[in-house]
*Asks:* 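Structure incoming, see below.
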Amino acid sequence: MGLIGEVLLLPFAPVRGSAWVIEQVLHEAERIYYDPSTVRAELARLEQQMEAGEITEEEFDRREDELLDRLEHGMGSGETTGNWT
């Protein structure tokens with residue numbers, strides 16, 4: 001894009017900047033959500049809740065399946081904490 005195009009699009013710069021920031025925040029939130037260490041910690045808390053009688057075995061099974069799906073997604077995509085700088 002040339003100089004004239006940049007000048008014409010200058011009024012939209014705040015919108016483009018906001019979109020970039022939103023995209024970065026979303027990317028970071030997804031990285032944390034699918035991070036294997038985060039999912040493992042949630043699995044450990046879930047097990048503690050079941051052992052303490054705070055949740056039923058059915059609830060444990062349902063939530064464990066969801067967490068294992070997240071773990072599989074996070075490990076399958078190669079996006080682990082060590083790969084991000």
*Asks:* Measuring from atom CZ of F60 to atom CG of L43, what distance do you get when rounded to the nearest 0.5 angstrom?
*Replies:* 7.5 Å
*Asks:* Would R62 and E58 pass as an ion pair if we require N to O under 4.0 Å?
*Replies:* no
*Asks:* Taking atom CD of E30 and atom OH of Y34, what is their separation to the nearest 0.5 Å?
*Replies:* 6.5 Å
*Asks:* Please examine the side chains of L67 and R40, heavy atoms only from C-beta on, and report whether any two atoms are closer than 4.5 Å.
*Replies:* no
*Asks:* How about E64 and D61: do any of their side-chain heavy atoms sit closer than 4.5 Å?
*Replies:* yes
*Asks:* Let me confirm one number: the NE2-CD1 distance from H27 to I32, rounded to the nearest 0.5 Å.
*Replies:* 10.5 Å
*Asks:* Nearest 0.5 Å please: distance from the CZ atom of R45 over to the CD atom of E54.
*Replies:* 12.0 Å
*Asks:* Does a side-chain heavy-atom distance below 4.5 Å link W20 with Q24?
*Replies:* yes
*Asks:* Hey, is the main chain of L46 close enough, under 3.5 Å, to the side chain of R63 for a donor-acceptor pair?
*Replies:* no
*Asks:* Identify the two heavy atoms, one from P14 and one from P11, that lie closest to each other, and give their separation to 0.1 Å.
*Replies:* CD-O, 3.5 Å
*Asks:* Quick check for you: to the nearest 0.5 Å, what is the distance between R70 atom CZ and D35 atom CG?
*Replies:* 9.5 Å
*Asks:* What do you reckon, is CD of E57 surrounded by more than 12 foreign heavy atoms closer than 6.0 Å?
*Replies:* no
*Asks:* OG1 of T38 to CG of L71: how many Å apart, nearest 0.5 Å?
*Replies:* 10.5 Å
